[in-house]
Every structure is written in structure tokens, then in C-alpha cells.
There are 2 protein chains.
Amino acid sequence: MTKVEELSVLEGFLKTKALKHSRKREEILDVFLNVDRHLTADELYRLAKKKDPSIGFATVYRTLKLLSESGLAAELKFDDGVTRYEHMYAHKHHDHLVCTGCGRMVEVVDPAIEKLQERLFRKHAFHPQRHRMELYGICVRCKRR
Amino acid sequence: MTKVEELSVLEGFLKTKALKHSRKREEILDVFLNVDRHLTADELYRLAKKKDPSIGFATVYRTLKLLSESGLAAELKFDDGVTRYEHMYAHKHHDHLVCTGCGRMVEVVDPAIEKLQERLFRKHAFHPQRHRMELYGICVRCKRR
DNA sequence: TAGTATTTTGATAACGATTATCAATTTCAT
DNA sequence: ATGAAATTGATAATCGTTATCAAAATACTA
């Protein structure tokens, strides 16, 4: 149930920052790792609260920030202005294909696009850091309706 | 000074929605069109206020929404959570290359990437609507420092 | 294991961007 | 000019998120 490897990543990160291990942080990480979809801070808060009602949402926000900094979570910002988080540890880079009808999301990677993006960076003499690509459309299911 | 073509686009849009022409809306459009960079609602508010101090920021927000709906402006949402607006009328589609050091922004288009994006839509049986691509990096000037 | 310095915590207030409310003003077809 | 309807600015409200702060938890040390 508990993912030991991810937990040790967090522990290691805390150590380098002279921060302390805490029960709450471990609980929140555990809940996060056991859900396999993008979560908003609020969704994670509700789930964590079920396991431990004493958890406050400020702690969830703070922990999500730690998870992002330690490389365990990635922040996703779509057009609706709500930040979502997804698993990042040992997950490959990918972009998103989003259905504007039902909200369904597909993770996509196109190596050819990635290469061309690198070329764009070089062409404008930028040192690449990261990118973000979202494709919005209507999926088959929604088109039928 | 005043862009008649864009103004008539707005007028036309208002007509279809049974909305009224107003002096404030025209003033705001005029200020917007005479600035050639991405603007936040607040920036546009300050500029409009110089010309006509009686303009309130609620009206600027409301007008920006109308401009977006009528196709004169495009909303840009980057990672900082502030919505920016750019000219849209008779402007070609483009993506953005952003320097995380100084905030400089370059408009880019890569036809090859556009084609591959279409292919990705088809591959997952999505009907394409729009996409968003932002490349974040460090520009030469910032790298030197 | 008790003492203690430091960090973490939850509740709450504060924040920044945006939107809703509402009475007063403007628009426009008559 | 009249009057119905839309628009306006000031302000309050909203939403997601972050800051504050006293109390609790943690991890050293002796």
C-alpha cells in the first residue's frame, strides 16, 4: 500500500532542506499516491480528511508544494484556473489532450513534436527549461450526442 | 487612430446579441487596439483611465469579455494565473516562447508542429478545437548575466 | 526519558484576480 | 422628449491560494 520508494524520496528532500518528517505529510503522500488521476488540492483534502479528519487544508496545500519541489508531483494548470496535481516520480513527460465536452483527458507524447520544440528553442537562442502543450477538442463519445 | 474595421466588428457583434453601442466600450476598444503587446485587465484599466477617468475596472473586464467573444481579442493564460489579452482580429495563430528570466515573449509558429498536432487529434479520434503551446526557457540576454 | 529548540499544524484571516449586485445613468427606438 | 432596456461605477462577494499565529508535534541533547 505505502510506496516506500516515493516515501524515501520525500524523506531525502526534507533532509536536504532541514525539514522534519511528520505523520500528516506521510498520510497525505499516501493518499496522493493511491489515486491514479489528476487531483485538485481540494479533492486531495477531502480524500485525506476521510482517513484522518484532523488534517486541515492548509497542510494539504503545503504538502503539495513539497511534493512538487521534491519531484513527486507535477502541477498542471489548465484554462479553468484550478491547479491540478499528478504523479511525477518515475513517470515520463507527456502532454494532454482534453475533451471540452466531458473533461476526459488523454496523456500524449509525440517524439517528433518534442524534437521540433527543441529546434524552436535553439532557433530563438533560448535555453530550454520546460514546455506545456494542451490540445482541446471533442472526443468521439461527446461528438455522437 | 481609430480602427474602423475592428470597431465595426464589435458593433456587428453587439447587434447580434441585442446589446447597445456605448461610448465607454468604444473608448476601451480604442485603447486596447493602440497598444501592441499583451495586456492584463488591470493594465488596460489604467491606460483607459488616463483617457477617461470615469471608467471603472468592472467595465474593462466586461468589455474584454465582449472583445474575446467577438473575436477581437484572445485570452492568454500563462502559469502566473493572470489573464492577458492580445489582438486577435486578422492576426494569425501563434504559440509563445517565454523567457522565465525577464518575461520576454516571442510569438512562434511551426507548421510542422501544427501538422503533427492535427495527427494527434486524429489518432485519438478527437475533433480538434484549439491548442495551447508554451515553451519556457532562458533567453540569451538572461543567460549571460 | 525529560528538557528544549525548532518545525509543523489547523483555524482563520488575508490576498489577488475576477465576477455579481444594484441604484443611477446612458442608450435608442419611438 | 419619452420610456423601456441596457450599461455603468462603486462596492461587496467569490474563488483558489497563501500568510499569520498560538498550540502541538518532532528530533535533538543530556
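All chains are named by letter (A, B, ...) in the order of the sequence lines, taking the proteins before the strands, and each is independently numbered beginning at 1.
When rounded to the nearest whole Å, the span between CG of A/L29 and C1' of C/dT8 equals 17 Å. When the C1' atom of D/dA24 is taken as reference, atom NZ of A/K24 falls 9 Å away, rounded to whole Å. Taking atom CD on B/E26 and atom C1' on C/dT27, their separation rounds to 14 Å, with Å as the unit. What separates CG of B/L64 from P of C/dT18 is a distance of 10 Å, to the nearest Å. Rounded to whole Å, atom C1' of D/dT17 lies 15 Å from atom CG of B/D79. At whole-Å resolution of the value, CZ in A/R25 and P in D/dA27 are 10 Å apart. Taking atom OH of A/Y61 as the reference point, atom P of C/dT9 lies 16 Å away to the nearest angstrom. The interatomic distance linking B/L44 (CG) with C/dA17 (C1') rounds to 15 Å, in whole Å.
Note on B/K65: only backbone sugar-phosphate atoms sit closer than 4.0 angstrom, heavy atoms only; bases stay farther off. Looking at heavy-atom distances under 4.0 Å, A/T40 makes no contact with the nucleic acid at all.
Here the closest heavy-atom approach between residue B/I138 and residue B/G101 is recorded as CD1-N, 4.1 Å.
When atom types are taken as modelled, the side chain of A/R25 and the backbone of A/K20 share a donor-acceptor pair closer than 3.5 angstrom.
Mapping A/G56 and B/F57 onto DNA chain C by nearest heavy atom places A/G56 closer to the 5' end of the strand. Where B/A58 and A/Y45 each meet DNA chain C at their nearest nucleotide, the meeting point lying more 5' is that of A/Y45.
For the atom pair CG of A/L33 and CD1 of A/I28, the computed distance is 12.0 Å after rounding to the nearest 0.5 Å. Atom CZ of A/R37 and atom CE of A/M105 lie 11.0 Å apart (nearest 0.5 Å).
Each ring-ring contact (aromatic ring centres under 6.0 Å, His included) pair with one or both residues in residues 3-54 of chain A, not counting sequence neighbours, appears once here: A/F32-A/H87, A/H38-A/H96, A/Y45-A/F57.
For the side chain to side chain donor-acceptor pair (under 3.5 Å) criterion with A/Y89, the lone passing option out of A/E5, A/E6, A/K3 is A/E5.
Within the 4.0 Å cut-off from OP1 or OP2 of C/dT18, at least one side-chain nitrogen or oxygen of B/T83 is found.
Each of C/dT9, C/dT21, C/dA17 was ranked by its minimum atom distance to the side chain of B/R62; first place goes to C/dT21.
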Hey, can you pull the donor-acceptor pairs under 3.5 Å for the side chains in residues 118-125 of chain B, sequence neighbours left out?
residue: B/R119; atom: NH2; partner: A/D110; partner atom: OD2; Å: 3.3
residue: B/H124; atom: ND1; partner: B/L120; partner atom: O; Å: 3.2

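Using a 4.0 Å cut-off on heavy atoms, the residues of residues 9-23 of chain A that approach DNA chain C are A/L19, A/K20, A/S22, listed by number.
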